[in-house]
Trainee: 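Have a look at this one.
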Amino acid sequence: MPELPEVETIRCQLARKLPGEKIERVFANCPSLVFRGYPRKGMLAEEITGKKIVSVERRGKYLLLGLDRGLTLALHLGMSGTMLFRDKNAPRDRHCHLELFLKNFKLSFRDPRMFGRVALFKGQEFSLLPGLARLGPEPLSREFNPKWLAAKFQGRKAPVKSLLMDQRIAAGIGNIYSDEACFLARISPLRKAGRLKPEEISRLDAAIKKVLRESIAAIGCTFRDYRTSEGTLGGYQPRVYGREGRRCKRCPGTVVRKVIANRSSFFCPKCQR
DNA sequence: AGAAGAACCTGGTAGC
DNA sequence: TGCTACCAGGTTCTTC
C-alpha cells in the first residue's frame, strides 16, 4: 500500500543512483503488469535495453523513469510493489517481474499481489493513460489548497474519505493517509464532503499536508509489504490507522473500524465530528 | 453525473 | 498437520 510518502521515499532513493545509468540488460516477465498497448509495438524489454536513465520523477503514486530518446517508463507499485537495489548476481524469486541490469547493480520490481503496473511511453503519450492523465494536483503543491478542495467538495454527498482517496482530487492519497488526515483535522471520514464548513476544509487541507510531510520525513509508513529501495522500513507511526479498539491518542475515546468506500477506515467517533 | 460496489490478485492468518 | 475461508487494498469497470 505505498501511497505518496512511500513512493516519494523510493523516488528519492532511485534519484540518487539511477540518473546517468545505462540499462544493459532487462528481465521482464509478466505481461499482465504491462498496461495494454504500452509499448505499442514490440516488447518492453527490447524497447528499453540500451537506453540511459536520465531522470526519476513522481506523480501521485506513479514513478516516472525518464529515459533518453524521450521515453518514459511509468511504474505503479499497486499494493505490494517494491523497487529494490540488488546485487547483479542476487537470485530472482517468483514475485520479481521486472529487473533492470545497470553497471554495478540491478533494480528489481517485486510485486506479490500483482496490482502493480508498468508502461512505456514516448513523449507526452502518457497523458493518454487513464489514471495518470486525470490525476489531480499534488497535495503538497500550491495548487492544492482550501479553495481547490472546496470546489471539489461542493455539492458532493459522498463521504470525505472517498473524495480524499479520489486521485483526480488529491494525487497520491490512499487509505492510510486519508484516515490520518481526517483524524488530525478532527473530522469524521463519514461526513458528506459537501457539508464541510470552510473552516473545516482549511483544517483538512493543513492536516493533509502535515501528515504527508511528516511521513516523507520518516521515510514512509511501514505496513506489511512496504520496503524502501534500500530494503529498510519506514518510521511513520499512524495516529489512528490500524488502531481499532485502542485508546484514541487525543481523547478518552476508542478507535473504531468501519468500511467506507469498500475500505477499512479507522477513526475516533468521540473527537472526530 | 455521481455514488456504490465488484473484480482483479496472492500471501498471511484465523478457525476448525 | 492440513484444509478452507477470508482479508488486505489501488484502480478500473459496472450498475443504479
Side-chain angles (χ1 to χ4, degrees), chain A residues 1-8 10-11 29-38 58-64 74-84 93-98 109-119 126-136 138-139 149 151-182 189-196 212 215 220-227 234 236 238 240-245 256-267:
Chain A
M1 54 198 76
E3 300 179 29
L4 190 153
E6 290 75 30
V7 181
E8 177 61 17
I10 292 167
R11 186 201 66 79
N29 183 25
C30 205
S32 62
L33 291 189
V34 178
F35 276 112
R36 202 143 51 103
Y38 297 94
R58 178 191 60 74
R59 190 69 180 88
K61 298 171 193 167
Y62 292 82
L63 279 170
L64 303 172
L75 296 148
H76 193 294
L77 302 176
M79 290 175 46
S80 58
T82 52
M83 297 289 288
L84 283 170
D93 70 46
R94 70 194 193 93
H95 299 304
C96 178
H97 310 300
L98 179 69
F109 178 33
R110 263 189 106 242
D111 182 16
R113 290 185 214 176
M114 311 243 290
F115 273 34
R117 287 292 177 268
V118 177
F126 65 88
S127 57
L128 300 172
L129 191 76
L132 195 47
R134 294 196 294 260
L135 280 181
E138 290 290 324
L149 275 181
K152 289 294 157 184
F153 284 5
Q154 191 185 19
R156 300 290 299 266
K157 291 177 177 165
V160 175
K161 159 110 177 174
S162 301
L163 297 200
L164 287 183
M165 291 197 303
D166 185 335
Q167 301 302 295
R168 295 168 297 184
I169 296 179
I173 295 181
N175 202 32
I176 296 176
Y177 296 100
S178 56
D179 279 3
E180 294 291 287
C182 285
L190 289 166
R191 287 274 298 280
K192 286 184 169 61
R195 294 285 189 78
L196 293 192
L212 294 179
S215 186
C221 173
T222 294
F223 254 90
R224 298 185 184 86
D225 308 300
Y226 170 70
R227 293 290 181 282
Y236 178 84
V240 71
Y241 185 85
R243 301 189 70 248
E244 181 184 16
V256 300
R257 185 183 84 98
K258 196 173 168 66
V259 174
I260 305 173
N262 275 331
R263 295 289 169 257
S264 276
S265 306
F266 301 87
F267 62 100

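The structure presented is a predicted model; accordingly, all values stated were derived computationally and were not measured. Below, chain A is the first sequence line, B the second, and so on; all start at residue 1.
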Trainee: Roughly how far, to the nearest 0.5 Å, is the OG atom of Ser265(A) from the CD1 atom of Ile260(A)?
Mentor: 3.5 Å
Trainee: Could you provide the dot-bracket string of DNA chain B, using ( ) for intrastrand pairs, [ ] for crossing pairs and | for bases paired to another strand, with Watson-Crick or G-U pairs below 3.5 Å?
Mentor: .|||||||||||||||
Trainee: Would you check if Pro238(A) and Cys221(A) make a side-chain contact, meaning some heavy-atom pair closer than 4.5 Å?
Mentor: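 Yes, at least one pair of side-chain atoms sits under 4.5 Å.
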Trainee: Does any donor-acceptor pair link the side chain of Arg168(A) with the base of dT11(C) at a separation under 3.5 Å?
Mentor: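 Such a pair does not exist between side chain and base.
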Trainee: So what does Arg110(A) touch, heavy atoms closer than 4.0 Å: a base, only the sugar-phosphate, or nothing?
Mentor: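 The answer is nothing, as Arg110(A) stays clear of every strand by at least 4.0 Å.
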Trainee: Under a 3.5 Å distance rule, please check whether Ser80(A) uses its side chain to pair with a backbone N or O of Arg113(A) as donor and acceptor.
Mentor: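 Yes.
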Trainee: Counting any heavy atom closer than 4.0 Å, what does Arg117(A) reach on the DNA or RNA strands: base, sugar-phosphate only, or nothing?
Mentor: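 Nothing, no nucleic acid heavy atom in range.
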Trainee: Does Asn262(A) reach a base, just sugar-phosphate, or nothing at all? Heavy atoms under 4.0 Å.
Mentor: base
Trainee: Just the rounded figure in Å: distance from C1' of dC7(C) to CD of Glu244(A).
Mentor: 13 Å
Trainee: Search all heavy atoms of Ala171(A) against all heavy atoms of Gly136(A) and return the closest pair with its distance.
Mentor: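 Residues Ala171(A) and Gly136(A), closest heavy atoms: CB-O, 3.4 Å.
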Trainee: Is there a side-chain contact between Leu75(A) and Tyr62(A) in this structure, where contact means two heavy atoms from C-beta onward sitting under 4.5 Å apart?
Mentor: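 A side-chain contact under 4.5 Å is absent here.
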Trainee: Please answer whether the main-chain N or O of Ala151(A) pairs with a side-chain N or O of Gln154(A) as donor and acceptor at a distance below 3.5 Å.
Mentor: no
Trainee: Just to be sure I understand the rule, does Ser162(A) reach a base, reach only the sugar-phosphate, or reach nothing, if contact means heavy atoms closer than 4.0 Å?
Mentor: nothing
Trainee: What range of DNA chain B does chain A touch, first nucleotide to last, counting atoms under 4.0 Å from its heavy atoms?
Mentor: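 Endpoints of the contacted stretch of DNA chain B: dG2(B) to dG11(B).
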Trainee: For His95(A) and for Lys157(A), locate the closest nucleotide of DNA chain B by heavy-atom distance; then report the residue assigned to the nucleotide nearer the 5' terminus.
Mentor: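 Upstream on the strand: Lys157(A).
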Trainee: Indicate whether OP1 or OP2 belonging to dC7(C) is found under 4.0 Å from a side-chain N or O atom of Ser264(A).
Mentor: no
Trainee: Quick one: does Arg58(A)'s side chain have a donor or acceptor within less than 3.5 Å of a partner on Gly60(A)'s backbone?
Mentor: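 Between the backbone of Gly60(A) and the side chain of Arg58(A) there is a qualifying donor-acceptor contact (under 3.5 Å).
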Trainee: In whole angstrom, give the distance that lies between atom CZ of Arg257(A) and atom C1' of dC6(C).
Mentor: 12 Å
Trainee: Quick one: is dT11(C) close enough that its OP1 or OP2 comes under 4.0 Å of any side-chain N or O from Gln167(A)?
Mentor: yes
Trainee: Please list, for nucleotides 12-16 of chain C, all pairs of protein and nucleotide N/O atoms separated by less than 3.5 Å.
Mentor:
residue : atom : partner   : partner atom : Å
dT12(C) : OP1  : Pro130(A) : O            : 3.1

Trainee: Just how far is it from atom CG of Leu163(A) to atom CG of Leu149(A), taken to the nearest 0.5 Å?
Mentor: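 The CG atom of Leu163(A) sits 9.5 Å away from the CG atom of Leu149(A).
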Trainee: Can you find a donor-acceptor N/O pair under 3.5 angstrom joining the side chain of Arg263(A) to the base of dA8(C)?
Mentor: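 There is none.
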Trainee: Between dG10(C) atom C1' and Lys161(A) atom NZ, what is the distance in whole Å?
Mentor: 12 Å
Trainee: Rounding to an integer number of Å, can you tell me how far Arg59(A) CZ sits from dG10(C) C1'?
Mentor: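 It works out to 16 Å between those atoms.
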Trainee: Tell me if a side-chain donor or acceptor on Glu3(A) pairs with a main-chain N or O of Lys61(A) at a distance below 3.5 Å.
Mentor: no
Trainee: Take the protein atom CE of Met114(A) and the nucleotide atom C1' of dG10(C), then report the distance between them rounded to whole Å.
Mentor: 15 Å
Trainee: Answer whether the closest heavy-atom distance between the side chains of Leu4(A) and Glu138(A) falls below 4.5 Å.
Mentor: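 Leu4(A) reaches Glu138(A) side chain to side chain.
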Trainee: Mind telling me whether Tyr177(A) and Tyr236(A) have parallel, tilted or perpendicular rings, with 30° and 60° as the class edges?
Mentor: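 The rings of Tyr236(A) and Tyr177(A) sit tilted, inter-plane angle from 30° to 60°.
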Trainee: Side-chain contact, heavy-atom cut-off 4.5 Å: Ser162(A) with Arg263(A)?
Mentor: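 When only atoms from C-beta onward are counted, Arg263(A) and Ser162(A) do not touch, as no gap falls below 4.5 Å.
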Trainee: For Arg156(A) and Arg94(A), find the nucleotide of DNA chain B closest to each by heavy atoms; which residue's nucleotide sits nearer the 5' end?
Mentor: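 Comparing both residues, the 5'-ward one is Arg156(A).
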Trainee: Rounded to whole angstrom units, what separation is found between the CG atom of Leu164(A) and the P atom of dG10(C)?
Mentor: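 Atom-to-atom, Leu164(A) to dG10(C), this comes out as 13 Å.
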